[in-house]
Amino acid sequence: MKNNNIITIDGPSASGKGSLAKALAKELDFILLDSGLLYRAYSYCFEQSQNHVKAKNLFLNLQINSIDHQMYVFESSKDITSILRDENIAKSASILSGLKETRDNLISFQRDLASDRGLVADGRDMGTVVFPDAGTKIFLVADAEVRAKRRFLELQNAGQGVNMRDLIDDIRLRDEADKAREISPLMPANDSIEVNSSNLTPQEVLEIVLKIYKENTKED
Ligand code: DC
């Protein structure tokens, strides 16, 4: 039985998932699950403890709040969300997310966010593993160069200096690692719809996905 209160958006990094998920959550007044941010938060905890049991406890002690259709992470009342967006955390999250312990430690936290309120879940395995019954599943892709340029602008706006060539290489390497891992690899669910955002504005992507969602939830 399909759950129309859940929309999943999976795809490689910087394909536009984050902006799309946020815009959809706002438009439909749904809660947003930014699962990449949870993997980053878990990696941040693991860096401090080097142990999965301790990392899980540290993770559960963080405050993860949804404010204005966005996810924020607080540690002892300090907002650490922007620290978690750092490329170094992204690298360790990419490695740790390949481990069963990490994924097992995060799955129930993610599933518990589903409710009648509605959920937009953004990640790599939202439609395949975490919410296989989601009523609308989108697989969002974009060319690596386009994604590197988006990430470059994001990091530049956040005051982080990066080299474009290094970013393209990093994105390709991370894509390969996300696709090749044994557990929950990045791949489209059988019942997902692929949208390529390379030549589309965020507004155009939003309109396409809203149309798909409305079609899926239309009363027969
Ligand atoms: O989307 P992001 O760049 O914030 O994700 C950080 C890392 O976490 C990335 O390497 C992929 C991993 N990840 C994952 O394995 N599964 C998810 N559902 C979300 C992210």
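Ligands are counted one by one from 1 in listed order, and the atoms in each one are counted from 1 as well.
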Are Asp178 and Arg181 within salt-bridge range, i.e. N to O under 4.0 Å?
yes
With Leu140, the side chain to side chain contact (heavy atoms under 4.5 Å, CB included) member among Val205, Asn196, Asp10
Val205
Nearest-option assignment for atom 7 (C) of ligand 1, heavy atoms, candidates Pro185, Gly123, Ala93
Ala93
If the threshold is 4.0 Å, N to carboxylate O, is there a salt bridge linking Lys17 and Asp34?
no
Is the shortest side-chain N to carboxylate O distance from Asp191 to Lys2 below 4.0 Å?
yes
Between Tyr42 and Asn105, a side-chain donor and acceptor under 3.5 Å
yes
Counting non-hydrogen protein atoms only, what is the nearest one to atom 12 (C) of ligand 1? Give residue, atom name and distance.
Ser97 OG, 3.7 Å
Proximal atoms of ligand 1 relative to Arg174 (non-hydrogen, under 4.0 Å)
10 (O)
What protein heavy atom sits nearest atom 8 (O) of ligand 1, and how far away is it?
Tyr39 CB, 3.5 Å
Under 30°, 30 to 60°, or over 60°: which ring-plane class applies to Phe46 and His52, parallel, tilted or perpendicular?
tilted
Starting from atom 4 (O) of ligand 1, find the nearest protein heavy-atom neighbour and note its residue, name and distance.
Arg40 NE, 2.7 Å
Does Asp175 come within less than 4.0 Å of Arg147, counting only side-chain N to carboxylate O?
yes
Near Arg181 (heavy-atom distance under 4.0 Å), the atoms of ligand 1 are 14 (C), 15 (O), 16 (N)
Would you mind checking which non-hydrogen protein atom is closest to atom 9 (C) of ligand 1, with the distance to 0.1 Å?
Arg124 NH2, 3.6 Å
Using a 4.0 Å cut-off to any heavy atom of Met126, which atoms of ligand 1 qualify?
18 (N)
Any N/O pair Arg151/ligand 1 closer than 3.5 Å
no
Just let me know how Arg85 lines up against ligand 1, side chain, backbone, both or neither, with a heavy-atom cut-off below 4.0 Å.
neither
Closer than 4.0 angstrom, basic N to acidic O: yes or no for Asp170 and Lys91?
yes
Taking heavy atoms and a distance under 4.0 Å, where does Gln110 meet ligand 1: side chain, backbone, both or neither?
neither
Specify the protein heavy atom at minimum distance from atom 16 (N) of ligand 1: its residue, its atom name, and the distance to 0.1 Å.
Arg103 NH2, 2.9 Å
Location of contacts on Asp178 toward ligand 1, heavy atoms closer than 4.0 Å
side chain
In terms of residue, atom name and distance, what is the protein heavy atom nearest to atom 19 (C) of ligand 1?
Ser35 OG, 3.4 Å
Taking only Lys NZ, Arg NE, NH1 and NH2, and the carboxylate oxygens of Asp or Glu, determine whether Lys78 and Glu75 approach each other closer than 4.0 Å.
no
If hydrogens are left out, which of Ser94, Gly11, Ser92 has an atom nearest to atom 10 (O) of ligand 1, that is, the closest non-hydrogen atom?
Ser94
Go through the steps for Glu194 and Val141 under the test side-chain contact (heavy atoms from CB on, under 4.5 Å), then give the verdict.
CA-CA 7 Å; Glu194 183 175 299; Val141 297; 3.6 Å; yes
